[in-house]
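Here is the structure we will look at, set down as C-alpha cells.
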Amino acid sequence: MKYEPKEIEKKWQGRWEKSGSFKIDKDNESKEKFYILDMFPYPSGTGLHMGHTESYTASDVYYRFKKMQGYNVLHPQGFDSFGLPAENYAIKTGVKPVETTKKNIITYIEQMKSLGFDYDFDEKVITSDPSYYKWTQWIFGKFFENGLVYKKTQKTNWCSSCQTVIANEQVVNGECERCGTEIIQKEVPGWFFKITDFSDELIAGLSNVDWPEYTKKNQINWIGKSQGALLKFQIKDSQKYIEVFTTRPDTLFGATYMVLAPEHKLVGELKDEIFNWSDVEKYVIQTQNKTELDRMEAKEKTGEKLEGVVAINPANGQEIPIFIADYVLAGYGTGAIMAVPAHDERDFEFAKKYDIPIMEVISGGNVEEKAYIENGELINSGKFNGMSVEEAKQKITEFVGGEMTATYRLRDWSFSRQRYWGCPIPIVYSPEGEAKLVPEKYLPWTLPEDVDFVPTGVAPLSKSEELKKRVEDIFGQGWTAEYDTMDTFVDSSWYFLRYPDPHNEEKFCSAERLSKWMPVDLYIGGAEHTYMHLLYARFITKAMHKIGLIDFDEPFLKLRHQGMVLDKEGKKMSKSKGNVINPDSMVEKFGADSVRTYMLFAAPLEDEVMWNEDNIVGVRRFLDRVWKIKQQTINNKQQTTENLKIQTLLHKTIKKVSEDIENFRFNTAISQMMILVNAMETCRSRATGEKEQLLSKSHYETLLILLSPFAPHIAEELWSSFAEATADEGKNKYKESIFLQAWPVVDEKYLQDEEVEMVVQVNGKVRERLMVAHDVTEDEAKETALESSKVKVFTEGKEIKKIIFVPGKLINIVVS
RNA sequence: GCCCGGAUGGUGAAAUUGGUAUACACUAGGGACUUAAAAUCCCUCGGGAGCAAUCCCAUGCGAGUUCGAGUCUCGCUCCGGGCACCA
C-alpha cells in the first residue's frame, strides 16, 4: 500500500473528533497542568494564513509532546472576532457582521482541522459572542468602580477613513495602522484606561518572565521611563509659573529660554499680556492643522516668541524669553521645557535660528559649533562649579525647590471606538449627562442589531431605536446610551482567563479553575504584538490583580515568537504582490503532515521561513520512507550487529528530539529523525542481497512516537496498522491511539558508542582521525596518536611542548 | 540619530560549554531500473593544486586573546527590524 496523505488524514481527523481525543478533564488533580496558548486569530474573509499555520503547528507539536510526557495540557483556541473588516464588509455588501463572522469562523475551524491541529472547539472562546463580552463588560465595570477608567475630551488620534479614534500604539509613522490614512488630531470625548498607573510595574514585572530579551527591551523602551526633575519658572510680574520636566537639571544655569507646546494652556491664559497675540494665535492654529506626519517631517524648527512676557531662571534670577514651538510636544512631560542650547541638540538648532544666547555650563566641547551632550564638570554655575553632572542634578534641583521624578512615554490607553462591530461600553448617561455604569444584572449589554453601517461620522449605535428604547425602559426618560464601542484589543486582553472555564455563566472563570490553570505556561505568537496586545494584556492582568479579581500579576510566564513566513524570494506575502500562499492549497498538494513538518524543518521557529514549494518534497520523501520501511520490521528478540547500531542511534535520537522540542528547535529535531530513518533504511540493504528483514519492530515503534507530534496522521496510521498484523498478546496497545503512548525515555547506557573517532591535531590543525575506545585514557591516546605516520610527518624532529587531551574527542600536539 | 537582530556552499540551513566547519535537506550533474517517462534507488557536489596519497585556502572585512575561534574581545562594512523633535 502506498502512502496517500489525503485518505489517511481525513480518516484520522474524523476518528479523533469522534473519539474526543482532544478532550481533557480540566479538574484532573493527578497530573501536572500545562497551559499552552496560541494568539487567537481574527477570522477574516481570506482565511487562515501561513503565519498562523507555522505558530499553530509549533504549539500543536509542543502540546502533543507534553501530553505524551504525562502532563494535563490545556491548549485552547478561539476567535478575536470583533473588528473593522467585518464592519467594512457589511458597508460594502450589507451582510451583517454577525453573519460574516459566523461563516468565517466555520471556515477557520475547518482549516485548522485539516492541518491536524488538535483543538477542542467545544471549549472555544469567541469575543463577539454575548456570553463572552458579558465578561468584557463586567471587567470594564470593575475597573470603572475602582477608578481605573475615565472619560475625557482631548485631542486624540483620529482616522478619517475608519471614522474613529485610535490608540497611540495603533499609529504607525503618523498613519493608521489598519488603513494607512494620515492621522489627524481631533477633540473627541472618549474613554481611557489608566495604564500609566502601572508603568513601573509593567517594567518591573518583565524581570520575572521568560520572554525573548528583545521583546522585553522593546516594551521597556515603549514605556519609556526617564528620570529627571520637575522645576518651576516664575513668570515675571505675575503669579503664574511654568513647570517643566528635564532630565538635565544640572544644566539649569544654561537655560537661556523656555518653550511651551503651542497647545499649552498657559498660552491662552497669558493672552492679555502677549503683545503679538495675533502672530501667536496664527502659529497655534497652524500647528493644530498639521498632521502627525507633517510634524514629524518638519525639517526646520519653527516657533513664535511671546512678546511681553518673560520667565525667571530660578537658578540665577536671569530673565529669559518664552517661545511657543511645535518641537515641544503637549503630551509629554509638562508640555513645556527649559531650553539649554549649549547642551541639547534641538535647543541648539532653535537658538541658532532665533539668535538666542548659548551659555556653556558643562565643560568639554566647543558649544559655538554644536551642542555638547556628554558628561563633564560644571562651569558658569555659581557655587556648583566643579561638580559632576550626576551630583549637580540632585543638588541644583534641591537648590531651586524642584522635585526629582520620572516621566513616561506611555500614554493612557484610549479605547473608545466610534464604530459598530465591537463590545458595547456598558455606560448610560443620566439626563444631567452623568455617566453611570449599567448594573451587572443587565449584562450582557447587547450590541443592537437595528443599525445600518454606512459611516457618517456619527457613532452607528446612536441610530438604534432598540437601544434607545432599552435605555429609556430601564433607566427612564431622558437617559441615553453610550454609543462608543471598545477597541478590540480590550477583548483580547483577557481571553486567556476565559479558556479554563469558557461556559461559566456566573463568573468570568471559577476561582478553582483560575488557581489551577493560570498563569499561562507557554505563549506562542508573533513579535508584532509586543507593543499592543502583550502590553495591554499585562496591564489588564495587573489591574485585575490590584482590585483582587485574580491572585497573579503576570499572564504569560514564557513567551516565544514565530518568525514571518515569506515567499520563496524572501518577500512578505501580500495581496497586492499576488504572492500569498494559502495553507489549504498546500495541504491539498502535499498533505497536512508534510506541510506541518516542512514548516518547522525549513528554519528555526523564531526565524523567517521562506516558503519554497520545491523544498517541501524533501520532507514528503522522508515521510514516504518512514512509510516504506515498515515492511522491513521484524518482531525479533535477538540482537544483530545492525540493530544494535540502530539502537544506539535511536537513543541519541530520543534524546535530541526531546531536548529540541523542549527548546523549540524543531528543525534539528526533524533532521535527527531523518538521520535515523536513513540508517534504518540501510539496515536492510546491508543484508545479504536478499530482502532480509532486520529492523526491530520496537525500534520502529519508537520512531513513530517521536514523529507523531510533527506528522500525527501518518504516525497514527502506521501505529494502528500493527493491530491486524500482531499476535493477540501485543495487540491492544495498537488499538488505542499512538497519542496515548508514553513518550520514550532515553536509556543512557545505549548512548555510548564502543569506539569513537578521535581527532588528532598538530598545532591545532587536524592531521589524523583515529578510532579509539570511548573511554581511552590520556596516556593511551597520546601513544596511539604519536605512532600515527600522518602525525609523524608533522612532529618528526620537533620538540613536543605540550599535549592537550579532550576525552573522547580530540588530542592536540603542540610542537615548536 | 538611538535600540535590537543578522551575515556560514548554487539555495534553506547545522555546529547545544571555545574542540572534527558545512549535519539534514533542496537544486544541479552522473548512473541503475524502464520500450519510454514519472517515481524510486545509488554516486558526486565550498574553492584551488595533484594520477593519487595528500596539501593549501575558506564561516562579511581587519586586528587580538588561545594549544585551538563560525563561537570570546576590539574596530569596521553591509543587510533586516523597531523607535524617533520624549526635553
Side-chain angles (χ1 to χ4, degrees), chain A residues 2 172-173 212-218 220-222 224-226 228-229 244-248 251 255 259 261 295-299 301 325-329 331-340 343-347 349-350 407-411 527-528 530-531 563-564 568 570 598 601-604 606-619 621-622 624-625 628 656 659-660 663 665 667-675 677-678 681-682 685 757-769 790 793 801-806 808-815:
Chain A
K2 238 185 108 197
V172 177
N173 290 328
E213 279 308 311
Y214 70 91
T215 307
K216 292 191 196 179
K217 275 194 180 139
N218 284 340
I220 290 168
N221 289 344
W222 185 268
K225 180 175 187 173
S226 58
V244 302
F245 173 76
T246 176
T247 56
R248 296 295 302 274
T251 62
V259 185
R295 226 166 135 159
M296 282 193 307
E297 277 173 357
K299 287 168 205 93
K301 299 243 176 316
D326 66 4
Y327 83 91
V328 171
L329 308 174
Y332 184 77
T334 61
I337 63 158
M338 64 177 217
V340 185
H343 306 292
D344 182 281
E345 280 164 9
R346 296 149 300 181
D347 298 345
E349 197 190 319
F350 191 84
T407 297
Y408 303 85
R409 206 191 92 109
L410 187 68
R411 292 291 105 80
E528 69 274 17
T530 302
Y531 305 107
M564 258 190 296
K568 63 195 283 188
Y598 176 62
F601 176 66
E606 66 279 9
D607 286 8
E608 294 166 339
V609 176
M610 294 187 203
W611 187 262
N612 189 341
E613 271 186 49
D614 301 336
N615 289 350
I616 194 172
V617 300
V619 164
R621 284 177 195 151
F622 161 67
D624 272 325
R625 247 173 280 155
K628 267 194 286 185
K656 178 133 182 80
E659 286 174 0
D660 281 354
N663 294 302
R665 292 191 296 250
N667 55 331
T668 48
I670 294 163
S671 68
Q672 182 64 35
M673 286 188 281
M674 288 174 169
I675 291 169
V677 170
N678 291 346
E681 206 178 22
T682 53
S685 56
E757 190 180 78
M758 179 177 71
V759 166
V760 185
Q761 297 181 331
V762 180
N763 285 352
K765 290 202 168 184
V766 180
R767 297 300 177 186
E768 174 71 301
R769 294 155 208 267
K790 286 180 191 166
V793 175
K801 290 168 82 175
K802 71 172 152 175
I803 294 179
I804 285 123
F805 176 65
V806 183
K809 276 198 170 165
L810 158 153
I811 187 161
N812 186 12
I813 300 159
V814 185
V815 297

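Since the model is a prediction, treat every value here as computed from it, not as a measurement.
- Here, G1(B) and A13(B) have their C1' atoms 35 Å apart, quoted to the whole Å.
- For N812(A), taking side-chain heavy atoms from C-beta onward, the closest of the listed nucleotides U40(B), C67(B), C83(B) is C67(B).
- Each of C26(B), A87(B), U20(B) was ranked by its minimum atom distance to the side chain of F245(A); first place goes to A87(B).
- In this structure, M674(A) atom CE and A25(B) atom P are separated by 6 Å, rounded to whole Å.
- In this structure, N678(A) reaches the A25(B) phosphate: one of its side-chain N or O atoms is under 4.0 Å from OP1 or OP2.
- C85(B) and U77(B): their P atoms are spaced 26 Å apart (whole Å).
- Distance noted for atom C1' between A15(B) and G64(B): 24 Å (whole Å).
- The interatomic distance linking E681(A) (CD) with C41(B) (P) rounds to 6 Å, in whole Å.
- Other residues, nucleotides and ligands place no more than 12 heavy atoms under 6.0 Å from the CD atom of E345(A).
- Contacts of E757(A) with the nucleic acid, taken as non-hydrogen atoms under 4.0 Å apart, include base atoms.
- Here N663(A) lies out of heavy-atom contact (under 4.0 Å) with every strand.
- Phosphate contact (OP1/OP2 of U16(B), side-chain N/O of R665(A), threshold under 4.0 Å): absent.
- Atom P of nucleotide C4(B) and atom CD of E606(A) are separated by 18 Å, given to the nearest angstrom.
- Of the P atoms belonging to G6(B) and C72(B), the separation is 10 Å, rounded to the nearest Å.
- Checking the phosphate oxygens (OP1, OP2) of G5(B), no side-chain nitrogen or oxygen of Y214(A) falls inside 4.0 Å.
- For A603(A), counting side-chain heavy atoms from C-beta on, the closest listed nucleotide (C85(B), A13(B), A15(B)) is A13(B).
- Counting only heavy atoms from C-beta on, R767(A) has its side chain closest to C55(B) among C85(B), U16(B), C55(B).
- Shown here, A49(B) forms a base pair with U54(B); the pair counts as Watson-Crick or G-U wobble because both key distances fall under 3.5 Å.
- Note on ring orientation: taking the six-membered ring where Trp is involved, the planes of Y327(A) and F350(A) are tilted (angle from 30° to 60°).
- Side-chain proximity of S671(A) to the nucleotides C24(B), C41(B), C3(B) is greatest for C24(B).
- K809(A) has no side-chain polar atom (N or O) that falls below the 4.0 Å cut-off from OP1 or OP2 of G68(B).
- Nucleotides C74(B) and C3(B) place their P atoms 14 Å apart, quoted to the nearest Å.
- Phosphate contact (OP1/OP2 of A14(B), side-chain N/O of N667(A), threshold under 4.0 Å): present.
- In this structure C74(B) sits in a base pair with G62(B), meeting the Watson-Crick or G-U test at under 3.5 Å.
- Between the P atoms of A58(B) and A69(B), the separation comes to 11 Å (whole Å).
- Using a 4.0 Å heavy-atom criterion, one finds that V814(A) contacts the sugar-phosphate atoms exclusively.
- Q761(A) comes within 4.0 angstrom of a nucleotide base, judged by non-hydrogen atoms across all strands.
- Using a 4.0 Å heavy-atom criterion, one finds that F601(A) contacts the bases of the nucleic acid, with or without backbone contacts as well.
- Summarising the geometry, the separation between CZ on R411(A) and C1' on C83(B) is reported as 14 Å, rounded to the nearest angstrom.
- Atom CG of N763(A) and atom P of U66(B) are 15 Å apart (whole Å).
- Pairing of C83(B), defined by two Watson-Crick or G-U wobble distances under 3.5 Å, is identified with G1(B).
- Rounded to a whole Å, the CZ atom of F805(A) is 20 Å from the P atom of G18(B).
- A salt bridge links K568(A) with D614(A): the distance from a Lys NZ or Arg NE/NH1/NH2 to an Asp or Glu carboxylate oxygen falls below 4.0 Å.
- In this structure, the nucleotide among C41(B), C67(B), A87(B) sitting nearest to the side chain of R625(A) is C41(B).
- Taking atom P on both nucleotides, A87(B) is separated from A7(B) by 33 Å, rounded to a whole Å.
- The residue L810(A) sits close to a base: some heavy atom pair falls under 4.0 Å.
- Figure legend. U22(B) is base-paired to no nucleotide; pairs are counted as Watson-Crick or G-U wobble with both atom distances under 3.5 Å.
- One can place CG of N615(A) at 7 Å from C1' of U11(B), the figure rounded to the nearest angstrom.
- S226(A) comes within 4.0 angstrom of the backbone, heavy atoms only, and of no base.
- For the C1' atoms, the distance linking G60(B) with U8(B) amounts to 10 Å, nearest Å.
- Checked against A87(B), C24(B), C83(B), the side chain of W222(A) finds its nearest nucleotide in C83(B).
- Between the OH atom of Y327(A) and the P atom of G1(B) there is a distance of 21 Å, rounded to whole Å.
- Across V340(A) and D347(A), no two heavy atoms sit closer than the pair N-OD2, 2.9 Å.
- Of the candidates U40(B), C85(B), A15(B), C85(B) carries the atom nearest the D326(A) side chain, counting heavy atoms from C-beta on.
- The side chain of L329(A) approaches A87(B) more closely than any other nucleotide in the set C26(B), A87(B), G12(B).
- Ring geometry for W611(A) against Y598(A) counts as perpendicular: the plane angle is over 60°, on a 0 to 90° scale with 30° as the lower cut.
- Shown here are the salt bridge (charged side-chain N to carboxylate O under 4.0 Å, His left out) partners of D624(A), two or more places apart in sequence or in another chain: R620(A).
- Here K801(A) does not reach the OP1 or OP2 of C67(B): none of its side-chain N or O atoms lies under 4.0 Å away.
- Among the nucleotides A23(B), U20(B), C83(B), the one closest to any side-chain atom of R409(A) is C83(B).
- If you check A28(B) for Watson-Crick or wobble pairing at under 3.5 angstrom, you find it paired to U44(B).
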